[in-house]
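Report on the structure given below.
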Amino acid sequence: MSQRTPIFAANWKMQKTAGQAEAFVEAFLPLVADAEVDIVLAPPFTALDRAGRALGGSRVVLAAQNVNPEEKGAFTGEIAPAMLVDLGCRYAIVGHSERRALYGESSELVARKAAALLAADLLPIVCVGETLEEHEAGRTLDVVGNQLDESLAQVPEARAAEVVVAYEPVWAIGTGKTATPEIAQGVHRSIREWLCNRFGEAGQAIRLQYGGSVKPENVAELMAQTDIDGALVGGASLEPDRFAKIVHFDRA
Ligand code: 13P
């Protein structure tokens with residue numbers, strides 16, 4: 001682990017109604033009251049308001065799972081950055097592999113989303129990661145390097161430290177297969193080098209999350225790696241006690 005403040009984010013994907021999100025928050029907050037890390041919850045859009053009210057002024061903050069880069073207009077079904085600010089969001093996830101694979105999002109679009117978030121004073125969690133096929137073909141660093149080139153193309157150097165990058169190997173998402181800590185660290189180190197080449201000193205401040213089957217049982221060994229500063233958690237973030245155990249990784 002590094003000097004960077006760890007950041008754990010719960011990506012609930014298309015799970016939890018507003019009422020279920022509120023119940024989660026009520027059970028979760030007491031479990032993390034003394035945590036000294038950054039904690040982020042990303043419920044579906046429809047639960048942001050209720051979850052945000054339940055969070056109140058706690059240190060746990062809200063994120064959206066997606067955003068549209070435009071300010072407003074005829075974009076049926078889409079949500080603009082200012083609408084997320086209005087609901088108390090602090091972060092938004094962009095470029096998740098499910099959005100890239102299932103909804104055809106390009107890195108160019110992800111770049112526009114990241115820029116729009118920064119312009120609205122929201123912090124982007126930019127996801128990158130290779131598929132199983134790319135992994136097995138030994139193309140991980142090429143694929144991730146290209147995604148970084150394109151997805152962070154519009155981030156100005158002065159704002160770089162506000163960005164969080166999440167490395168999520170697609171083959172490890174929801175499969176129970178985690179990249180070994182050594183594999184994850186290897187990719188994170190390359191991402192760190194890329195960030196330092198691109199953003200200079202600010203590259204050292206950017207927090208890198210690992211995502212893909214993170215759970216209470218494997219989080220400590222991942223967090224022990226130099227360039228892993230936190231986790232983006234799907235399945236294991238749906239239950240308050242499991243996500244709280246991840247947040248308290250250092251007490252295992
Ligand atoms: P799982 O933790 O369920 O593998 O999901 C990871 C993920 O996609 C988080 O964004």
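Order of listing sets the numbers, starting from 1, for every ligand and every atom in it. In this chain, residues are counted from 1 in sequence order. Just so you know, these numbers use all the heavy atoms, side chains as well, and skip hydrogens, waters and symmetry mates.
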Answer yes if the side chains of [X] and [Y] hold a donor-acceptor pair under 3.5 Å, and no otherwise.
X: E130; Y: W171; answer: yes
X: T178; Y: N218; answer: yes
X: R50; Y: T17; answer: no

Close-contact set for ligand 1 against [X] heavy atoms, below 4.0 Å:
X: A172; result: 4 (O)
X: N11; result: 9 (C), 10 (O)
X: G212; result: 4 (O), 6 (C)

Is the closest heavy-atom distance from [X] to ligand 1 below 4.0 Å?
X: A9; answer: no
X: G174; answer: yes
X: K215; answer: no
X: A236; answer: no

Passing option when V165 is tested against L148, L232, D229 for side-chain contact (heavy atoms from CB on, under 4.5 Å):
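Filter result, single survivor: L148.
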Could you go through the ring-ring contact (aromatic ring centres under 6.0 Å, His included) check for F8 and F243 one step at a time?
CA-CA 9 Å; F8 294 94; F243 191 46; 7.2 Å; no
In terms of residue, atom name and distance, what is the protein heavy atom nearest to atom 2 (O) of ligand 1?
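Here the closest protein heavy atom is G234 N, 2.9 Å.
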Please check if the side chain of S107 supplies one atom and the backbone of V110 the other of a donor-acceptor pair under 3.5 Å.
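No, the answer is negative, given that no donor and acceptor are paired below the 3.5 Å cut-off.
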Heavy atoms only, cut-off 4.0 Å: how does C127 contact ligand 1, side chain, backbone, both, or neither?
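Looking at C127 and ligand 1, no heavy atom falls under 4.0 Å.
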Can you tell which part of I173 has a heavy atom less than 4.0 Å from ligand 1: side chain, backbone, both or neither?
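Both backbone and side chain.
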Could you list the residues that satisfy salt bridge (charged side-chain N to carboxylate O under 4.0 Å, His left out) with E136, not counting sequence neighbours?
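Listed in chain order: nothing, the list is empty.
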Looking only at heavy atoms, what is the nearest atom pair of W194 and G145, with distance?
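In terms of heavy atoms, the two residues are closest at NE1-O, 3.9 Å.
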Would you say E105 and H96 make side-chain contact, with heavy atoms under 4.5 Å?
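Heavy-atom side-chain distance check fails, nothing below 4.5 Å.
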Please work out which of E168, K13, E98 has its closest non-hydrogen atom nearest to atom 5 (O) of ligand 1.
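Answer by nearest heavy atom: K13.
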Looking at ligand 1, does any of its N/O atoms fall within less than 3.5 Å of an N/O of G235?
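Such a contact does occur with ligand 1.
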Can you find an N/O atom of T175 closer than 3.5 Å to an N/O atom of ligand 1?
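No.
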